[in-house]
Amino acid sequence: DDCSREAIEQYTGFSISGKRLVRILEDIKSHRPLPRQIVCDNGTEFTSKAFMKWAADNNVEIHFIDKGKPMQNAFVESFNGKFRDECLNEEWFITINNARERIKQWNNEYNSERVHTSLDGLTPYEFIAQIAWDFPHEMVQKTGSRSPEISNFASLIYLKPKRAEKWAERAAGVGALDHPRIGTDG
């Protein structure tokens with residue numbers, strides 16, 4: 001996620017098809033809101049009919065970076081470099097299950113222990129929790145509303161900040177803002 005720097009999902013397998021990508025995204029959708037836009041490269045899983053149909057069915061805009069221009073998705077390129085240096089190049093995976101286990105551990109460490117200067121020294125999970133905690137209190141101060149929707153909002157730490165603003169504004173009857181975007185290159 002470009003905003004929170006969270007590594008939302010790291011699928012570990014020998015390859016990934018468009019249909020597999022859709023299953024992964026459906027799993028993500030079952031426990032968190034979808035973004036308005038996904039930024040990705042032109043890999044076959046992202047240009048597949050299955051993925052394009054899923055995006056259209058879920059009202060998710062697909063933004064393809066220009067071919068040969070990986071820096072148009074700089075956060076993901078940086079993330080991939082860290083992942084390669086700190087996990088893939090450091091481990092000797094014996095089985096696919098061993099790889100899945102170790103990559104899941106690295107992902108958890110990345111989200112819960114690695115601080116980011118772009119997040120003022122917070123981890124992705126700390127940043128998400130702070131946004132979820134701070135924003136409803138700001139809405140109560142601005143609107144005077146103590147609606148259950150705003151009060152319960154602090155527990156929804158997986159909402160992205162922009163989506164959180166939109167949700168809270170709708171609950172308070174203020175208006176709506178734009179959704180966040182998720183950057184991924186597979």
Side-chain angles (χ1 to χ4, degrees), residues 1-12 16 21 24-25 27-29 31-43 45-46 55 60-91 102-142 150 153-170 174-186:
D1 177 12
D2 285 352
C3 178
S4 70
R5 302 298 192 243
E6 179 189 11
I8 296 170
E9 180 68 40
Q10 285 185 279
Y11 171 76
T12 306
I16 185 168
L21 177 61
I24 293 165
L25 292 168
D27 181 55
I28 292 169
K29 181 175 118 176
H31 61 274
R32 66 186 307 144
L34 292 173
R36 182 183 61 82
Q37 181 182 68
I38 295 177
V39 178
C40 55
D41 65 19
N42 293 276
E45 69 274 23
F46 295 116
V60 175
E61 177 187 340
I62 305 303
H63 176 77
F64 291 104
I65 63 171
D66 293 332
K67 292 180 181 179
K69 304 279 185 177
M71 291 315 294
Q72 289 180 354
N73 207 0
F75 166 68
V76 170
E77 290 302 313
S78 174
F79 172 84
N80 286 344
K82 290 177 180 108
F83 176 59
R84 194 175 305 109
D85 291 344
E86 298 171 13
C87 184
L88 298 179
N89 291 346
E90 296 295 319
E91 301 288 335
R102 180 58 194 117
I103 290 168
K104 184 176 181 178
Q105 288 172 350
W106 187 89
N107 187 292
N108 288 335
E109 291 167 10
Y110 178 87
N111 287 326
S112 62
E113 297 176 22
R114 176 190 292 269
V115 297
H116 295 260
T117 56
S118 63
L119 302 177
D120 290 330
L122 299 174
T123 68
Y125 285 165
E126 289 170 336
F127 180 78
I128 293 167
Q130 179 178 318
I131 293 296
W133 176 257
D134 288 347
F135 191 76
H137 293 88
E138 292 173 21
M139 286 303 298
V140 168
Q141 288 174 353
K142 286 180 185 174
I150 291 178
F153 181 73
S155 65
L156 302 174
I157 67 168
Y158 286 113
L159 290 177
K160 300 289 184 278
K162 291 283 185 182
R163 186 175 290 259
E165 290 174 351
K166 180 177 181 179
W167 187 90
E169 285 185 348
R170 280 187 180 168
V174 175
L177 296 176
D178 201 11
H179 290 271
R181 57 192 269 268
I182 292 179
T184 181
D185 75 351

So how far is it from [X] [atom1] to [Y] [atom2], rounded to the nearest 0.5 Å?
| X | Y | atom1 | atom2 | result |
| --- | --- | --- | --- | --- |
| Leu21 | Tyr11 | CG | OH | 10.5 Å |
| Phe46 | Ile65 | CZ | CD1 | 10.0 Å |
| Glu9 | Asp1 | CD | CG | 14.0 Å |
| Cys40 | Gln72 | SG | CD | 12.0 Å |
| Glu91 | Arg102 | CD | CZ | 4.5 Å |
| Leu119 | Arg114 | CG | CZ | 11.5 Å |

Are any of the side-chain heavy atoms of [X] and [Y] separated by less than 4.5 Å?
| X | Y | answer |
| --- | --- | --- |
| Ile24 | Ile16 | yes |
| Asp120 | Val115 | no |
| His116 | Leu122 | no |
| Phe127 | Cys3 | yes |
| Asn73 | Pro70 | no |

Checklist entry - Does Glu126 use its side chain to pair, donor to acceptor, with the backbone of Thr123 at less than 3.5 Å? => result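 Checked: pair present.
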
Next on the checklist: Under a 3.5 Å distance rule, please check whether Ser112 uses its side chain to pair with a backbone N or O of Asn108 as donor and acceptor.
Outcome noted: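 Yes, the answer is positive, given that a donor and an acceptor are paired below the 3.5 Å cut-off.
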
Item to check | Residues Asn107 and Gln10: side-chain donor-acceptor under 3.5 angstrom | outcome: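 Yes, side-chain donor-acceptor contact under 3.5 Å.
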
Checklist entry - Run the salt bridge (charged side-chain N to carboxylate O under 4.0 Å, His left out) check on Glu6 and Arg32 step by step: do they pass? => result CA-CA 13 Å; Glu6 179 189 11; Arg32 66 186 307 144; 3.0 Å; yes

Next on the checklist: Below 30° counts as parallel, above 60° as perpendicular, anything between as tilted: where do the rings of Phe79 and Phe75 land?
Outcome noted: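 Because their plane-to-plane angle lies in the 30° to 60° range, the rings of Phe79 and Phe75 count as tilted.
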
Item to check | Sidechain N-carboxylate O distance under 4.0 Å for Glu61, Arg36 | outcome: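 Result for this pair is yes, salt bridge flagged.
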
